[in-house]
Amino acid sequence: QVQLVESGGGLVQAGGSLRLSCAASGSIFSINALGWYRQAPGKQRELVAYITPGGRTTYADFVKGRFTMSRDNAKNTAYLQMNNLKPEDTAVYYCYADRVSLPPSTAWGRPGGNWGQGTQVTVSS
């Protein structure tokens, strides 16, 4: 398995930017698909973006044009560049890794999968 640690969250005003990082260890990073999820208080966890081992990215409609996901296999790190942040982006953001599945597989995002601890993003109005 791969171990994941998120960082880069914080407090930012609406319209601002943050860059989240997900540092990985413990497995072959390059063969894992990676995802960013977020969960706001009282809300279900939702998929924000994911990237395949080959580098193809897919985004939720609510972040298209504002967020960019990337990966650097040499650094064993995934990123989420978040621009033009909105108050509704406030959530805990989680990194996820999987070497055997992709959306829409029911195995993707499973609770027993590889998850980071999360990093808090708060966007003030």
* So does Lys64 pair up with Asp61, basic N to acidic O under 4.0 Å? -> yes

* To do: Search all heavy atoms of Asn84 against all heavy atoms of Ser17 and return the closest pair with its distance.
  => N-OG, 4.2 Å

* Asked: In the single-linkage hydrophobic clustering (I, L, V, M, F, W, Y; side-chain heavy atoms under 4.5 Å), do Val2 and Val100 co-cluster?
  -> no

* To do: Looking only at non-hydrogen atoms, find the nearest pair between Ala23 and Thr77 and report the distance.
  => CA-OG1, 4.2 Å

* Glu6 vs Leu20, side chain to side chain contact (heavy atoms under 4.5 Å, CB included): CA-CA, chis, key distance, verdict -> CA-CA 7 Å; Glu6 303 96 332; Leu20 306 183; over 6 Å; no

* Kindly compute the distance separating CD1 (Ile31) from CG (Asn73), expressed to the nearest 0.5 Å. => 10.5 Å

* Shared hydrophobic cluster, Leu34 / Val121 (ILVMFWY, side-chain heavy atoms < 4.5 Å) -> yes

* Could you grab the distance from atom CZ of Arg45 to atom CZ of Arg38, nearest 0.5 Å is fine? => 13.0 Å

* **Pairwise distance OG1(Thr58) to CG(Leu102) - rounded to 0.5 angstrom** => 8.5 Å

* Structure fact -> When rounded to the nearest 0.5 Å, the distance separating OH of Tyr79 from OG1 of Thr68 is 14.0 Å

* Supply the atom-to-atom distance Gln1 CD to Gln3 CD, rounded to the nearest 0.5 angstrom. => 7.0 Å

* Asked: So do the side chains of Ser124 and Gln13 get within less than 4.5 Å of each other, counting heavy atoms only?
  -> yes

* Asked: When hydrophobic residues are tied together by side-chain contacts of less than 4.5 Å, even through go-betweens, does Val92 share a cluster with Leu80?
  -> no

* To do: Determine, stepwise, if the pair Arg19 / Ser70 fulfils side chain to side chain contact (heavy atoms under 4.5 Å, CB included).
  => CA-CA 11 Å; Arg19 185 176 178 86; Ser70 61; 4.2 Å; yes

* **Aromatic plane relationship, Phe67 with Tyr93 - under 30° parallel, 30 to 60° tilted, over 60° perpendicular** => tilted

* To do: State yes or no: do Trp36 and Tyr59 share one hydrophobic cluster built from I, L, V, M, F, W and Y residues joined by side-chain heavy-atom distances below 4.5 Å, directly or via other members?
  => yes

* To do: Grab the two heavy atoms, one from Ala91 and one from Gln120, that are nearest each other, plus how far apart they are.
  => O-NE2, 3.4 Å

* Asked: Shared ILVMFWY cluster between Trp115 and Leu4, side chains joined below 4.5 angstrom?
  -> no

* Asked: Do other residues, nucleotides or ligands put more than 12 heavy atoms under 6.0 Å from the CZ atom of Arg66?
  -> yes

* To do: Looking only at non-hydrogen atoms, find the nearest pair between Gln81 and Asn83 and report the distance.
  => NE2-OD1, 3.0 Å

* Going from OG1 on Thr52 to CG on Asp98, what distance comes out if it is rounded to the nearest 0.5 angstrom? -> 12.5 Å

* Hey, does the side chain of Tyr96 reach the backbone of Gly109 with a donor-acceptor pair shorter than 3.5 angstrom? -> yes

* How far apart are the C-alpha atoms of Glu88 and Val123, what are their side-chain angles, what is the distance that settles it, and do they pass the side chain to side chain contact (heavy atoms under 4.5 Å, CB included) test? -> CA-CA 8 Å; Glu88 52 263 44; Val123 184; over 6 Å; no

* Structure fact -> Closest non-hydrogen atoms of Ser101 and Arg110, given as atom of the first, atom of the second and distance, are OG-NH1, 3.9 Å

* Does the ring of Phe29 carry Arg71 above it, NZ/CZ under 6.0 angstrom from centre and within 45° of its axis? -> yes

* What pair of heavy atoms forms the shortest contact from Asn32 to Ser27, and how long is it? -> ND2-OG, 4.3 Å

